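Read through the structure below, which is laid out as structure tokens, and then see the notes.
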Amino acid sequence: MQSGVYCKIFKEVSKESMSDEKKKVDNKRTIDPAALTVLDRNDGQIETAYDRYVKMQPQCNFGRTGVCCRICLQGPCRITRKSSKGICGAHGYTIVARNLVRAIAGGAGAHADHSRHMIYTISEMLEGKAPDYGIEDPDKLRRVAERLGLSVDGKDDLELLGEVLKLAEADFSKMDSKPCKWLETTVVEDRMKKFDDCNIQPRSVHTTISEVMGQTHMGVDADPVNLIFQGLKTALADYIGMHIATDLSDILFGTPQPVTTEANFGVMDPDMVNIAVHGHNPLLSEMIVRVARDMKAEAEAAGAKGIKCMGICCTGNEVLMRQGVPVLTNFLSQELPIMTGALDAMVVDVQCIMPGIRAVAECHHTRIITTMSHSKIPGSYHIEFTEDRAVEKAREVISLAIEAFKERKGKPVDIPEVKNKVTAGFSTEALLDLFAAVNPDNPIKVLTDAIESGQLRGVVLLAGCNNLRVIHDESHSTVIKGLAQNNVFLVSTGCVAGTAAKMGLMNEEAVEKYAGEGLKSFINMLNEANKDKLKEKLPLVFHMGSCVDNSRAYNLMTLMANQWGVDTPKVPYAASAPEAMSEKAISIGCWCVTLGMPTHVGVVPEVTGSALVNGIALQIAEDVYGGYFMWEEDPEKSVEKILNALDERTWKLRVHKQAAEKYETALSATW
Ligand code: NFS
Ligand code: SF4
């Protein structure tokens, strides 16, 4: 039964993706004007991801639909018309489900790596072995501690941090079946009950990731539904890891507040030492940014005007949010700033770093500096970052960049003159502050009232990466503009926030240009109420941070659900990843669904080879969790689908509220 259905879908997907590919493939797949300028000038001479994507065509449809299994050495086994099962007898649905849940585990593992590093650094700090770190935001520490149920009275900051850390370590590694604190204290009660009912409460982050690897080993679980439930459990473990990373980063480096800067290649200054921080972990990038301020004299001695730090990918988001560091670019165009000849160093930590940067740097003076023992690129400089000597290591990195500047000094550079103003820094706390200026007693009600009155159509979290399967930044920009025009309140993280920043969609001019009347009046009301404390007017898209900070965006949804007294699937709140790429994005998408969001993905994931698995993602998930996936590659159709999802929820919420008032009963719990 399964293989017949599978074959039909498989044929359709193959046909569609092949013809789309033929139409679009060239090596200028971007709408970012700065990236286009560099690509045009280069004309394929130095190879970049844009060229390799062309060379890679046509891509394998077995892989693309998820029906290739390499889990044991008898493989690869591929599901074809000739063979509906792998050598061991695994059906297509087992293979697709196994591949999917392993991808979720990959994403959760990457976020766990980030979070574990924060935990480790704090534990070293508490033992006096990481002297360059301290508590930047003691208020956040107290808020987190209280939320976790700790008593805070009479305790000093370090003592309290120690207690928070113990709970974080337990959520990471405990083996008992008590609920994880970071889940229990951040979701609405009904969600926890749902997770119990479906048996997807993670014991802990590490345990769950390890369970998945065992469960998907050759010859263990063949039941696709069982596998998918384990996948969702892993996605929840991912959420826990991410939330811990956000909280600990805020405690160590400060909770973001509105800040204004600029984005795109034009932020590079030919007369300064240009350093890009790239990757994910603020433990390193925060130090680089701080130390760069202290090393101005060294840069001047080398003939530079100073040191300019800027960010790529999520570590860029971290330092943008907290330090106002300019955004250089996002994931897909990471190789291109090197080709301007103006970038002196690219310092990388972990994740989303294309190994291709090294080959591009070979043709230029740029130093590629890796910093983590488990994330190296052959041929690059490696300055191992250690917690006990963070400042010293940051100085070493910056000295190397100054050396590179000396080599470049006087030589021509070619920086596209493209940059846009950006206002970022909207943590959940910062958003609530803005709302509190309108309603000090109940800030979140400002947002829920605007939805109830029809001024806003709902909230959308724009998350995720870039992916050459669609045109770079085009899907992001189209979805942002389409939703804004239709009065959706937009929050954003990761590389889509990067697009918004680079493309001039993250400032007040964009509100004038692209917001529908309802959204414009809502933002202007906030501007007016906060005019004494805001240095710049509010943007069209509210930047909530790096990808781990999707936890902030979910906190906002939880606050809305609690305000209405409902479970999250009733809240008109959706997620969209128009250019999703990484395993982390898959994992985040899965927790968004499990936590109750309609979730749009603009690149069809590798699940279409099984009608069963695909159907669970698109339909059955909604029956169980209220959240569900929507695959849609066309950005305009994506806007329509997301709006429909929001409208359905707003309408139902209204009807249920009216019914509850009329019959004086509780609000219906159905969605
Ligand atoms: Ni998120 Fe950030 Fe960008 Fe995607 Fe990569 S940088 S953690 S995974 S590509 S948004
Ligand atoms: Fe093939 Fe089964 Fe081995 Fe997968 S686990 S490679 S389907 S024999």
Side-chain angles (χ1 to χ4, degrees), residues 49 62 66-80 83-99 102-103 106-115 216-222 238 241-242 245-246 277-282 285 311-318 320 327-334 348-354 461-468 472-473 476 492-502 543-551 553 575-589 601-603 609:
F62 294 107
V67 294
C68 174
C69 184
R70 290 183 298 109
I71 277 173
C72 89
L73 300 182
Q74 297 180 97
C77 293
R78 297 162 308 167
I79 301 300
T80 62
S83 174
S84 66
K85 293 175 193 163
I87 294 167
C88 66
H91 278 277
Y93 49 65
T94 304
I95 292 174
V96 171
R98 264 194 317 221
N99 287 339
R102 281 206 163 189
H111 285 138
D113 178 55
H114 176 161
S115 203
T216 53
H217 185 273
M218 192 272 162
V220 185
D221 199 358
D238 184 40
M242 292 169 72
T246 299
V277 288
H278 176 16
H280 283 77
N281 200 325
S285 52
I312 303 178
C313 285
C314 281
T315 212
N317 286 325
E318 300 274 355
L320 161 69
V327 176
L328 180 56
T329 197
N330 58 357
F331 169 74
L332 199 51
S333 34
Q334 61 182 273
V348 305
D349 51 60
V350 288
Q351 301 167 22
C352 304
I353 299 148
M354 291 190 193
L461 160 64
L462 293 148
C465 328
N466 301 127
N467 187 326
L468 272 162
H472 177 212
D473 290 336
H476 287 160
S492 185
T493 55
C495 285
V496 56
T499 303
K502 289 189 306 173
H543 197 327
M544 294 196 93
S546 64
C547 281
V548 295
D549 298 331
N550 282 312
S551 58
S576 172
E579 302 179 18
M581 171 276 299
S582 71
E583 288 177 323
K584 291 178 288 174
I586 295 174
S587 182
I588 292 168
V601 185
V603 177

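Worth knowing before you read on, the calculation uses all heavy atoms, side chains too, and leaves out hydrogens, waters and symmetry mates. For ligands, and for the atoms within them, numbers begin at 1 and follow the listed sequence. All values derive from a computational prediction rather than experimental measurement.
Across every non-hydrogen atom of C314 and C547, the tightest pair is SG-N, 3.3 Å. Here the closest heavy-atom approach between residue P578 and residue A463 is recorded as CD-O, 4.0 Å. Across H278 and C352, no two heavy atoms sit closer than the pair CE1-O, 3.4 Å.
N281 meets the side chain to side chain contact (heavy atoms under 4.5 Å, CB included) test with H114, H117, M118, L283, D349; sequence neighbours excluded. Taking N467 as the reference, R469, M581, V603 meet the side chain to side chain contact (heavy atoms under 4.5 Å, CB included) condition, with sequence neighbours excluded.
At the top of the distance list for atom 8 (S) of ligand 2, counting protein heavy atoms only, stands C88 N, 3.5 Å. Counting only heavy atoms of the protein, atom 3 (Fe) of ligand 2 lies nearest to C72 SG, 2.4 Å. Taking atom 5 (S) of ligand 2 as the reference point, the nearest protein heavy-atom neighbour is M218 CG, 3.4 Å. In terms of protein heavy atoms, atom 1 (Fe) of ligand 2 is closest to C77 SG, 2.3 Å. Nearest protein neighbour of atom 4 (Fe) of ligand 2, counting heavy atoms only, is C69 SG, 2.3 Å.
Residue contact check: G86 has heavy atoms under 4.0 Å from atoms 7 (S) of ligand 2. Residue contact check: Q74 has heavy atoms under 4.0 Å from atoms 8 (S) of ligand 2. Of all the atoms in ligand 2, the ones that sit under 4.0 Å from a non-hydrogen atom of G75 are 6 (S).
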Inset, instruction - Could you walk me through whether D221 and T216 pass the side chain to side chain contact (heavy atoms under 4.5 Å, CB included) test, one step at a time? - result: CA-CA 6 Å; D221 199 358; T216 53; over 6 Å; no
Inset, instruction - Determine, stepwise, if the pair F331 / H472 fulfils side chain to side chain contact (heavy atoms under 4.5 Å, CB included). - result: CA-CA 10 Å; F331 169 74; H472 177 212; over 6 Å; no
Inset, instruction - For the pair K85 and T94, evaluate side chain to side chain contact (heavy atoms under 4.5 Å, CB included) and give the outcome as yes or no after the intermediate values. - result: CA-CA 9 Å; K85 293 175 193 163; T94 304; over 6 Å; no
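Residue contacts with ligand 2: R98 is included, with a non-hydrogen atom under 4.0 Å away.
For atom 5 (Fe) of ligand 1, the tally of protein N/O/S atoms lying closer than 2.8 Å stands at 1.
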For residues 492-500, dump all side-chain donor-acceptor pairs below 3.5 Å to protein atoms at least two apart in sequence or in another chain.
| unit_1 | atom_1 | unit_2 | atom_2 | d |
| --- | --- | --- | --- | --- |
| S492 | OG | L462 | O | 3.2 |
| S492 | OG | A497 | N | 3.3 |
| T493 | OG1 | N550 | OD1 | 2.6 |
| T499 | OG1 | N330 | ND2 | 3.1 |
| T499 | OG1 | D473 | OD1 | 2.6 |
| T499 | OG1 | H476 | ND1 | 2.7 |
| T499 | OG1 | C495 | O | 3.2 |

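E579 has its side chain out of reach of C465: every pair of non-hydrogen atoms, C-beta onward, lies at least 4.5 Å apart.
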